[in-house]
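Quantities reported herein were computed from a predicted structural model and do not represent experimental measurements.
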Amino acid sequence: MKKTVLKIILIIIAVLLIIGIVFGIILHNNKINASNTKETDEYYINGENEFLRFGVEGDDNLFEPNEKINVVLECRDESLNGSKALVSITSEQTGFNKWGYVTFDYNSPYSILSFASQENGIFTIKIKQFGEDEHIFTVGVLPKNEQASDDFYYGIQPYITRAYTWGEGFCVPGYNAEESVNKILDVAEHLGVNLVREDSVGWGAMQNEPYGDMNYSVQDYLVKQVNDRNMKYNWLLGYNAGEWSTAPKYKKNYDESISWTYPPDIKLWNDFTTKVADHYADNEDILWEIWNEPNLFFFAGTSEEYFELLENTSKTLKSKNKSAFVYSGGLATAEKETNSEYYQKSAELINKGLLDTFGYHNHDGLDNYYDYITQMLGLTNKAGLKDGGFNSESGVGGADASTIACKALYTRSTGAKGYVSFAFRKTVTPENDINDFAFFNEYLQPTETVISYATVIRFLGNAEFVKNISNEKDLVIDEYTKNGNKIEVYYSLGEKNKIPSPEGEYKAVIREIELAKKYGVSERTAYRWIKQAKEKGANIPSRRKKAQYPGPEILLDKSKNKELAKKYDVSERTIQRWKNKARIETAEPFEVLPPDEA
């Protein structure tokens, strides 16, 4: 009996030893050793305080697969000397999970941890100082793309005008205005985009009195920076320059807070645009978009006043450069029938050779994108427009990774000239809704959407669109050719998904958001799985009651979207849709600041 017990004990000990060895090997393989040095190469700053600065060696936060990534922690105060920090590096996309300890040394202030990945992904780096707050930043691993051809414009709206002229709050933290512009465009170049849309011409910064001399210094600089990277500059030519440039009929009740929305004095506007057209007559790398959302708050005049401005401006630009690409201002809620007169005017000017296409905006998620684009195209076809226009703003309600990819794909499938993903980066100050759906944060740290958009450009940016094979909401199939090879692209903007429903997943209470995260599918797909399980007799608790839209008063609550989502027990995307709906109902604009007056 004693021998049997002893034998069992020895077996248990042996098993525990084996488990310990295996666990030790796993820990060892996942551990990164840190080194301390007195000097290091220049590194990109991703955060700092008076004690610690941190980032990665290199010019930005994007790296090639298998490229060595050196994480840098700089000890900036003697009080950290001898203290430790735990650094973890993880990626949901790749399953990467490594960690290491850093011991700070004020005399050798740079602590370096290195890693690499052969797979594309977003990598989250967490720095936990014992007894202190946690610092978190992200880097991305994805191949640098060949720039997309001009067959289709894959654009971004990075606000380089604001970074260059609006002050520190719009710069990349740690960098001055010029450095910020270059950092932003370097990242855009990595993705392979071929167009940069800027939201303000800055008339007030170029001319400060009627028929006065022009100052082109800011726009010359920005246009050159974009064009030097072989990207097109989408110039949003719009907004007046203050009370002196406002049409006489609007001066009586002039309101300085919305001064930039007033229709300009048409004679002064014609003088201004003629001078601009003359100055840039030889530049073939500018696209001219005439005003922004003229059917909404951004143009406080009548449609007739906009049509006069549109025709005069396009005629001026084409008279100076016949090959200039000119299109009408992107319309908000483009699917509404009230926009018919705008489409008819665009068709008239296209037939006269004054416009190249029409502009529109669609910020919807996949739940509405297909339907609203279809409705819009019905109106444009009826008006005599023959192509799919130019989607010069698309994001907001539908800005997650899969949605951005599908929207870019479908925009091109409809025969459009281009697609601008909005917005590209967060700003430091002021806090605004742009920060809820940007590709990058203020430090240009990437989100998963960056990989999604770059992947579309990698495979299709230099491919020729041949035809649409299937145009069903639940199954779109497009055919492309690239280097003599046929490419077929399959995607869905509807409910259907070919991923099979996992069996046995419904024995416990589980919300669709948890199921979606576990299997890497959309919440819509997870909800369909739960619905199918119920139909088969599974005992699943009812889906939570659909929250009711609270009305325009949601705009009065200045809480962040994350906090509002918890308050109403809905997703952040639903909160954003509610806000957009409220703005349309109240004619309140999106969080867009007036054009620069630098």
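When only modelled atom types and interatomic distance are considered, S346 and S328 share a side-chain donor-acceptor pair under 3.5 Å. Donor-acceptor pairing under 3.5 Å is recorded for the side chains of N339 and N295. No hydrogens or angles considered: a donor-acceptor pair under 3.5 Å links the side chains of S394 and K407. Counted by atom type alone, Y280 and D220 present one or more donor-acceptor pairs between their side chains at under 3.5 Å.
Y369 pairs by the ring pair (Phe, Tyr, Trp, His ring centres under 6.0 Å) definition with nothing, not counting sequence neighbours. By the ring pair (Phe, Tyr, Trp, His ring centres under 6.0 Å) test, Y410 is found to be paired with Y370, residues two or more places apart in sequence or in another chain being considered.
With rounding to the nearest 0.5 Å, the separation of CG in N368 from NE2 in H363 is 14.0 Å. Rounding to the nearest 0.5 Å gives a distance of 6.0 Å between CD of E337 and NZ of K382. Taken from NE2 in H361 to CG in N391, the straight-line distance is 7.5 Å, to the nearest 0.5 Å. Atom-to-atom distance recorded for E393:CD and S421:OG is 10.5 Å, nearest 0.5 angstrom. With values rounded to the nearest 0.5 angstrom, E311 atom CD is found 11.0 Å from L309 atom CG. Between M231 atom CE and I156 atom CD1 the span is 6.5 Å, to the nearest 0.5 Å.
A salt bridge does not link K267 to D271: none of the charged side-chain nitrogens sits closer than 4.0 Å to a carboxylate oxygen. No salt bridge links K345 with E341; every basic N to acidic carboxylate O contact stays at or beyond 4.0 Å.
Considering every non-hydrogen atom in both G415 and D387, the closest pair reads O-CB, 3.7 Å. Contact detail for L444 and V172: the closest heavy-atom pair is CD1-CG2, 4.0 Å. Among all heavy-atom pairs drawn from W203 and L268, the shortest one is CZ2-O, 3.8 Å. The two residues R458 and N145 come nearest to each other via the heavy atoms NE-OD1, 3.0 Å. In terms of heavy-atom proximity, S413 sits nearest to N468 at OG-ND2, 3.3 Å. Listed here is the closest heavy atom pair of A277 and K320: CB-CG, 3.5 Å.
Side-chain contact between E305 and Y250: present, with at least one pair of heavy atoms (C-beta onward) separated by less than 4.5 Å. Side-chain contact between V196 and P158 is present, with heavy atoms from C-beta onward closer than 4.5 Å. D265 has its side chain within reach of P248: a pair of non-hydrogen atoms, C-beta onward, lies under 4.5 Å apart. Side-chain contact between W269 and S245: absent, with no pair of heavy atoms (C-beta onward) separated by less than 4.5 Å. With contacts defined as side-chain heavy-atom distances shorter than 4.5 Å, the pair Y154/L460 qualifies. Put simply, the side chain of K336 does not reach to within 4.5 Å of the side chain of L331, judged on heavy atoms.
Using cut-offs of 30° and 60° for the angle between ring planes, the Y239 and W260 rings count as perpendicular. A perpendicular orientation is assigned to the rings of Y159 and F422, their planes being inclined by more than 60° (bins at 30° and 60°). In this structure, Y453 and F439 have perpendicular ring planes: the angle between them is above 60°, well past the 30° mark.
The neighbour count for E448 CD, taken as heavy atoms of other residues, nucleotides or ligands under 6.0 Å away, does not exceed 12. Around atom CG of D282, no more than 12 heavy atoms belonging to other residues, nucleotides or ligands sit under 6.0 Å away. Atom CG of D59 sits in a sparse spot, with 12 or fewer heavy atoms from other residues, nucleotides or ligands closer than 6.0 Å. Other residues, nucleotides and ligands contribute over 12 non-hydrogen atoms within 6.0 Å of the NZ atom of K482. Around the CD atom of E179, the shell of radius 6.0 Å holds more than 12 heavy atoms that belong to other residues, nucleotides or ligands.
Here side chain to side chain donor-acceptor pair (under 3.5 Å) pairs that include residues 184-196, with residues two or more places apart or in two chains, are D186-R229.
Partner of F358 under the ring-ring contact (aromatic ring centres under 6.0 Å, His included) criterion, chosen from Y343, Y327, Y342: Y343. When each of F170, Y221, Y175 is tested with Y164 by the rule ring-ring contact (aromatic ring centres under 6.0 Å, His included), just one qualifies, namely Y221.
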Legend entry - Test ring-ring contact (aromatic ring centres under 6.0 Å, His included) applied to Y306 and W291, step by step: CA-CA 9 Å; Y306 173 68; W291 217 272; 7.4 Å; no
